[in-house]
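Basis for what follows: all heavy atoms, side chains included, without hydrogens, waters or symmetry-related copies. Per chain, numbering begins at 1; letters A, B, ... match sequence-line order. Keep in mind the model is a prediction, meaning the values are calculated, not measured.
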Protein chains: 2
Amino acid sequence: MTAQMADKSYSPAASLEARTAWMAGRAEPLRAAGTVIQVAASREVFAEGGDTDVFYKVVSGVVRCCKFLSDGRRQIEAFHVAGDLFGFELGQERLLSAEAVSDCTLVSYRRRSIETLAQKDQTISHQLFQYAMQNLAQAQDHSLLLGRRGAAEKVASFLLGWAKLSADKRVLHLAMTRQDIADYLGLTIETVSRSLTQFERDGVIALPYSRQVKILNIDALEDLAA
Amino acid sequence: MTAQMADKSYSPAASLEARTAWMAGRAEPLRAAGTVIQVAASREVFAEGGDTDVFYKVVSGVVRCCKFLSDGRRQIEAFHVAGDLFGFELGQERLLSAEAVSDCTLVSYRRRSIETLAQKDQTISHQLFQYAMQNLAQAQDHSLLLGRRGAAEKVASFLLGWAKLSADKRVLHLAMTRQDIADYLGLTIETVSRSLTQFERDGVIALPYSRQVKILNIDALEDLAA
DNA sequence: CGCTTAATTGATCAGGGTCAATCGTGGTGG
DNA sequence: CCACCACGATTGACCCTGATCAATTAAGCG
């Protein structure tokens with residue numbers, strides 16, 4: 001099931017991370033040990049219940065990690081962008097599934113190998129710990145969003161959060177569909193759409209294309225995010 | 001602000017953890033380094049924005065960790081019971097606040113000391129890593145609950161989750177108020193109350209006292225949790 | 001150019017929130 | 001000992017946000 005369009009050994013120089021030094025530096029010590037793979041948009045990287053023998057780092061593209069209820073309802077836990085680790089789990093079985101939102105270049109690492117390395121190299125275990133704690137902090141923020149914010153607040157928060165991950169903080173390119181956004185925010189596509197058009201009517205954003213958002217009034221957007 | 005009713009050096013033998021071997025064993029290597037404190041019900045242990053120089057383990061009682069929005073809306077991220085670590089954070093400022101739900105006995109650890117110990121003792125860093133990953137998994141489950149489940153499903157899930165933490169899986173003693181449950185589930189007290197009385201009418205639970213829940217039909221409850 | 005999938009928009013509905021009254025319980029003091 | 005009070009919980013009436021259902025428009029793509 002794991003979509004692998006290419007599979008070759010990883011040369012550090014091949015990485016084209018255009019992120020901040022902090023971001024880019026986060027997983028440095030892992031670099032040498034991985035294998036590059038390509039995953040086409042909407043292909044599955046791994047599935048809930050699968051084996052946890054490998055984990056990944058995003059080189060380029062966007063990945064969504066999500067959970068499903070038995071009846072198909074989906075909750076997207078996080079979108080991962082260049083520099084992010086994902087898919088590391090302690091148990092034997094995966095608790096999340098991961099899919100490529102856009103065409104992605106990933107590096108995969110064998111968990112056993114990294115854990116062996118981590119025994120010796122404290123920087124590696126430290127990276128993984130940072131990874132866990134950052135994801136935890138993000139998941140907790142997300143809970144606040146899901147549990148206590150209204151629809152407009154959710155959408156505004158999402159735009160601001162995505163802006164922080166974007167190179168250009170004023171013109172956002174949404175890699176994901178409205179359905180993805182809805183499943184991330186615990187809403188429906190219709191409500192996401194209506195919130196966006198409302199923001200547009202209010203002059204807070206512009207929507208030249210459905211996947212492009214220009215932030216016209218960031219203060220107003222921050223107010224909307226409450 | 002940090003409520004400390006007692007403060008003496010910690011004797012490992014004093015701990016009365018009545019939990020599973022796995023739970024009790026989780027934080028063993030930390031034992032020697034802590035200081036016991038007592039916190040009265042509804043007192044704050046630490047506040048959002050505070051210093052992260054100490055973290056805690058619950059010896060007895062229940063602690064809630066939560067976040068607030070500027071207008072006072074609250075989201076409880078987790079309830080912590082005997083054996084759980086809480087309050088460990090990487091940054092300088094706390095992202096969560098913590099309060100005693102019931103009278104609590106806690107052990108506090110200086111973060112710096114533990115981090116120094118962790119440099120040498122791999123089991124300690126391993127404990128902390130486990131702590132982070134478990135909390136992460138729990139937070140992600142919580143997101144699914146908050147984002148995609150209906151009111152009755154939320155309440156049913158909560159009861160089942162609390163049952164797993166309780167000694168007697170059939171007769172639950174709720175340490176927390178309806179408001180706490182509501183803020184944990186992203187609901188209101190009224191909706192929590194209505195769901196419980198509905199479960200009672202349906203013969204799924206009994207409510208002899210408002211803080212005591214007898215699970216009469218656990219299969220039905222599991223079905224309700226979807 | 002036509003087909004398919006994504007997104008928007010509108011009309012209606014319902015789940016859960018809000019407001020308000022009542023009940024229950026436990027603590028306090030006359 | 002019991003009346004009173006305070007606080008938590010329950011219950012009811014009503015409302016509103018966001019979901020659902022449905023139709024239309026827009027955007028990719030072979």
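- Both the sub-6.0 Å distance and the 45° axial angle are not jointly satisfied by B:Arg64 relative to the ring of B:Phe79.
- Atom pair A:Gln198:CD and C:dA7:P shows a separation of 19 Å (rounding to whole Å applied).
- In this structure, B:Val192 and A:Gly186 both approach DNA chain D, and ranking their closest nucleotides by distance from the 5' end singles out B:Val192.
- For A:Leu187 and C:dA7, the CG to C1' distance is 16 Å, given to the nearest whole Å.
- B:Thr188 has a side-chain polar atom (N or O) that falls below the 4.0 Å cut-off from OP1 or OP2 of C:dG17.
- At a threshold of 4.5 Å between non-hydrogen side-chain atoms, the residues B:Thr52 and B:Arg111 count as touching.
- Between the side chain of B:Gln179 and the base of D:dC7, no donor-acceptor pair of N or O atoms lies under 3.5 Å.
- Here the side chains of B:Val204 and B:Leu216 are not in contact, with every heavy-atom distance at 4.5 Å or above.
- The side chain of B:Thr197 places an N or O atom within less than 4.0 Å of a non-bridging phosphate oxygen (OP1 or OP2) of D:dT11.
- Atom CD1 of B:Ile189 is separated from atom C1' of D:dA9 by 8 Å (rounded to the nearest Å).
- When rounded to the nearest whole Å, the span between CG of B:Leu146 and C1' of C:dG16 equals 15 Å.
- Within the 4.0 Å cut-off from OP1 or OP2 of C:dG16, not a single side-chain nitrogen or oxygen of B:Thr191 is found.
- A sub-4.0 Å separation between OP1 or OP2 of C:dG17 and a side-chain N or O of B:Arg194 is absent.
- Annotation: of the two residues near DNA chain C, A:Arg148 and A:Ser210, the 5′-most nearest-nucleotide partner is A:Ser210.
- One atom, CG of B:Leu207, and another, C1' of D:dG8, lie 14 Å apart when rounded to the nearest Å.
- Classified by interplanar angle (parallel below 30°, tilted 30° to 60°, perpendicular above 60°), the ring pair B:Tyr131/B:Phe88 is perpendicular.
- One interatomic measurement links the two molecules: CE of A:Met176 to P of C:dA6, which rounds to 15 Å at whole-angstrom precision.
- Look at CZ on B:Arg178: it is 16 Å from P on C:dG17, rounded to the nearest Å.
- Distance A:Glu190 CD to D:dT24 P: 16 Å, rounded to the nearest Å.
- Toward the 5' end of DNA chain D, the nearer of the two residues A:Ala151 and A:Arg211, judged by each one's closest nucleotide, is A:Ala151.
- Proximity of the aromatic rings of B:His80 and B:Tyr56 is defined here by a centroid distance below 6.0 angstrom, and this criterion is not met.
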